[in-house]
Structures are given as structure tokens and as C-alpha cells.
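Heads up: the structure comes next, in C-alpha cells.
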Amino acid sequence: MGAVSEAIAAKLTTAFSPTRLEVVDDSDRHHGHAGHRPGGESHFNLVIEAQAFAGKGRVMRQRLIHQALAEELAGPVHALSIVAKAPGEA
């Protein structure tokens, strides 16, 4: 895991205390695309499950995640694919 991946994981853990968290650097699949940087850590797939998302819709969950990762999204992260669920959701 690189520095950006670690920062993402740390911030999401602090903000949401997830029961499941997967941060996958998908940058290699975007070589030659906009936002790609040598060394990767520009495109990520995120799966997070946390009680904090219970009763919230998809858009609100994404907004909360974007708030927690505002610094990364303003800088090194070009794209972030998000799957956010509450415990027990399929």
C-alpha cells in the first residue's frame, strides 16, 4: 500500500469505524487516461461498510466519504469508485 492508499484508509477508519474496508489502487488500468500519474495512486476502488451509513441514501454516503477525503480528492486522487453499505446490506 502506498502513501495515498494509507491516508485514505486511515481517514476512513477514523471517520466511520468501518466493519469492512477495501482500498484498491486501480491506477494501472488507467495508464494513458486523464489523471494517471507515474507510480499510480491516482485511481481507486473503495468498498466500505459502516454503521454510520445506516438510514442514509447512496448520495449522502458518497458525500460523507468525499468530505472525509477532501484533501486527497483535491490533489493526488483523480477518480474514486465507491461502494458504501451499512452492515447487513447486500
Side-chain angles (χ1 to χ4, degrees):
M1 222 194 245
V4 177
S5 299
E6 288 176 1
I8 289 170
K11 287 184 178 183
L12 293 174
T13 298
T14 298
F16 303 110
S17 300
T19 53
R20 178 178 175 202
L21 179 61
E22 297 175 23
V23 180
V24 177
D25 183 355
D26 194 34
S27 302
D28 286 345
R29 290 189 46 222
H30 299 275
H31 183 73
H33 297 177
H36 183 270
R37 294 178 302 129
E41 294 209 294
S42 59
H43 295 71
F44 290 91
N45 294 327
L46 171 66
V47 177
I48 183 170
E49 179 180 287
Q51 186 60 41
F53 300 134
K56 293 178 176 59
R58 183 181 55 85
V59 172
M60 179 55 72
R61 293 172 185 191
Q62 291 189 2
R63 285 180 181 159
L64 292 169
I65 291 167
H66 280 239
Q67 287 174 354
L69 301 178
E71 184 177 347
E72 288 72 22
L73 292 169
V77 176
H78 176 73
L80 180 65
S81 169
I82 301 171
V83 175
K85 299 179 180 184
E89 290 181 345

Applying side-chain hydrogen bond (donor to acceptor under 3.5 Å, both in side chains) as the test, list every pair that has at least one member in residues 55-64; sequence neighbours left out.
R61-E89
Other cluster members, V59 - Ile/Leu/Val/Met/Phe/Trp/Tyr, side-chain contacts below 4.5 Å:
none
Going by side-chain contact (heavy atoms from CB on, under 4.5 Å), name the residues that satisfy it together with T19, two or more places apart in sequence or in a different chain.
E49, P87
For T13, all residues meeting side-chain contact (heavy atoms from CB on, under 4.5 Å), sequence neighbours excluded
P18, L21
Quick one: does any side-chain atom of E41 pair with a main-chain N or O of S5 as donor and acceptor, under 3.5 Å?
yes
So, taking the atom named NE2 in H43 and the one named CG in D25, what distance separates them when rounded to the nearest 0.5 Å?
10.0 Å
Under a single-linkage definition using a 4.5 Å side-chain heavy-atom cutoff for Ile, Leu, Val, Met, Phe, Trp and Tyr, are L46 and M60 assigned to the same hydrophobic cluster?
yes
Mind listing the closest non-hydrogen atom pair of A50 and F16 along with its distance?
CB-O, 3.5 Å
Determine whether a donor-acceptor pair (N or O, by modelled atom type, separation under 3.5 Å) exists between the side chain of N45 and the backbone of S81.
no
Can you tell me how far apart CD1 (I8) and CD1 (I65) are? Round to the nearest 0.5 Å.
11.0 Å
Can you find a pair of side-chain heavy atoms, one from V24 and one from F44, that are under 4.5 Å apart?
no
Hey, what do you get for CD1 (I82) to CG (L69), rounding to the nearest 0.5 Å?
7.5 Å
Partners of E22 by side-chain contact (heavy atoms from CB on, under 4.5 Å), sequence neighbours excluded?
R20, V47
Under the rule for salt bridge (Lys or Arg N to Asp or Glu O under 4.0 Å), what residues qualify as partners of E72, not counting sequence neighbours?
K11
Qualifying residues under side-chain contact (heavy atoms from CB on, under 4.5 Å), relative to A54, sequence neighbours excluded:
Q51, A86
